[in-house]
Amino acid sequence: MSWESQVGQARVASILHNSVKNNRVAHAYLFAGNQGVGKLKMAIQLAKTLLCVDSDGEACGKCHHCLRIDSGNHPDLRIVTPEGTSIKIDQIRELQKGFSFKAVESSLSVYIIQHVDRMTVQAANSLLKFLEEPSYPVTAILLTEHVHQILPTILSRCQVVHFDELPFESRVERLKSEGYYEPIARIACQITADLGQAREWCQSEWFAQYRNLVLQLTEDILDKGSYALVTIQEKILKNEQGNQGLPFILDLLVYWYRDLLYFQIDRKQELVNTDQLDAIQRQALRCSRPWILKGIDVVMETKSRIGRHTNPQLSLERMVIQLQEG
Ligand SMILES: [Zn+2]
């Protein structure tokens, strides 16, 4: 592991590498970024560089510090993760107790707190004191996916490092390597840049079902009959508890129409619904380009109406009629 091996985070690696080289390491960092962007890996890399005996800005990977960090048992590096759903005050007290003497084997200690936004109020207050009064050389690295949920008092004591989004293809590759069905992973990664969120969608049954509904709806719309309204009433609204899923369905619909457009203008390598090429081709032949462009606008406008709490049934029916009138 080295600074260069931090996939997709060259910018962040270079900032941290430089601060170590120039001896300007902050005493507290907050690493902020979506799940899966490599915050923990980067935090361990920083800890290793700080604790390594032979570090000249880059951990040697061979000394006993580096080896102990690799095996997960260096006495001067502690990693706190939520117990259950939150980080509790006892965990922070335990951490402080562990640091009440100077570092065991090194000239400084490092602690990493994962999901620091999940601290209880008591834990956060306890951590705050700890951040304010480091009585010995210690570097804190706090990790979060929700930087906006961090107390300002904690934020102001940390150097905030924003991680970059993983590129689209890297996210798809990651989910694919975890065994998820690639076409569904592609759609999920297209709609959200958050790998954790995309993974949850891939795991859920409804995501694939929604896509099938969208496929059926687009066929019904093109057939111009009244089936489209029946699909909306019987298959979408009836099964949609509290209409939570409607924005997703409309996102899927936008990406479907975008696929029709990309098929027509020969940008097939950018298609999202890669497992539905036959249906895309069939529909793309039946639609004019202006109709598809207008369709995308109509669907986006419908999504925005529903976001403003307009009656979902009325909004969806209006959308279908607009699309069918072409
Ligand atoms: Zn080393």
Side-chain angles (χ1 to χ4, degrees), residues 1-82 87 91-116 127 130-145 154 157-164 166 170 174 177 195:
M1 197 162 76
S2 66
W3 292 114
E4 273 79 43
S5 69
Q6 306 291 323
V7 181
Q9 301 298 342
R11 180 187 59 84
V12 171
S14 145
I15 293 172
L16 295 172
H17 188 184
N18 280 326
S19 31
V20 179
K21 271 198 298 201
N22 302 325
N23 236 341
R24 296 182 56 181
V25 177
H27 79 264
Y29 287 97
L30 179 70
F31 286 1
N34 280 332
Q35 207 237 321
V37 295
K39 299 184 293 298
L40 180 61
K41 197 174 164 214
M42 188 75 79
I44 291 174
Q45 170 66 23
L46 178 59
K48 211 170 176 183
T49 314
L50 295 173
L51 295 171
C52 171
V53 279
D54 216 10
S55 166
D56 185 20
E58 183 81 74
C60 73
K62 295 182 209 118
C63 72
H64 69 285
H65 292 287
C66 287
L67 295 177
R68 292 192 76 172
I69 291 175
D70 284 344
S71 64
N73 63 2
H74 194 295
D76 298 323
L77 170 64
R78 278 153 203 274
I79 302 180
V80 178
T81 48
I87 296 173
Q91 292 181 270
I92 302 296
R93 284 196 184 128
E94 186 71 17
L95 181 73
Q96 287 165 316
K97 213 164 75 193
F99 283 129
S100 48
F101 306 104
K102 72 178 200 52
V104 182
E105 293 198 355
S106 336
S107 54
L108 106 160
S109 308
V110 180
Y111 63 93
I112 297 171
I113 303 183
Q114 292 188 280
H115 302 289
V116 73
L127 177 69
F130 196 35
L131 284 174
E132 275 168 350
E133 306 154 9
S135 50
Y136 31 80
V138 54
T139 297
I141 311 172
L142 315 179
L143 316 184
T144 185
E145 290 160 26
I154 289 186
R157 282 163 181 81
C158 296
Q159 182 176 326
V160 182
V161 180
H162 290 281
F163 279 56
D164 294 316
L166 282 187
S170 313
R174 180 86 72 91
S177 72
L195 185 68

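On a predicted model such as this, the values are computed, not experimentally measured, just so you know. Whatever order the structure lists ligands and atoms in, that order sets their numbers, starting from 1. The basis for the numbers below is simple: all heavy atoms, side chains too, and nothing from hydrogens, waters or symmetry mates.
- Ring-plane geometry between Phe163 and Phe31 is classed as tilted, the angle between the planes lying from 30 to 60 degrees on a 0 to 90 degree scale.
- With contacts defined as side-chain heavy-atom distances shorter than 4.5 Å, the pair Ile44/Ile79 qualifies.
- In summary, no N, O or S atom of His65 is located under 2.8 Å from the Zn ion (ligand 1).
- Leu127 places a side-chain heavy atom less than 4.5 Å from the side chain of Leu142.
- When rounded to 10 degrees, the angle formed at the Zn ion (ligand 1) by SG (Cys63) and SG (Cys52) equals 110°.
- Taking 2.8 Å as the threshold, Cys60 counts as a candidate ligand of the Zn ion (ligand 1), since one of its N, O or S atoms lies below it.
- Heavy-atom contacts from other residues, nucleotides or ligands closer than 6.0 Å to NZ of Lys41 number more than 12.
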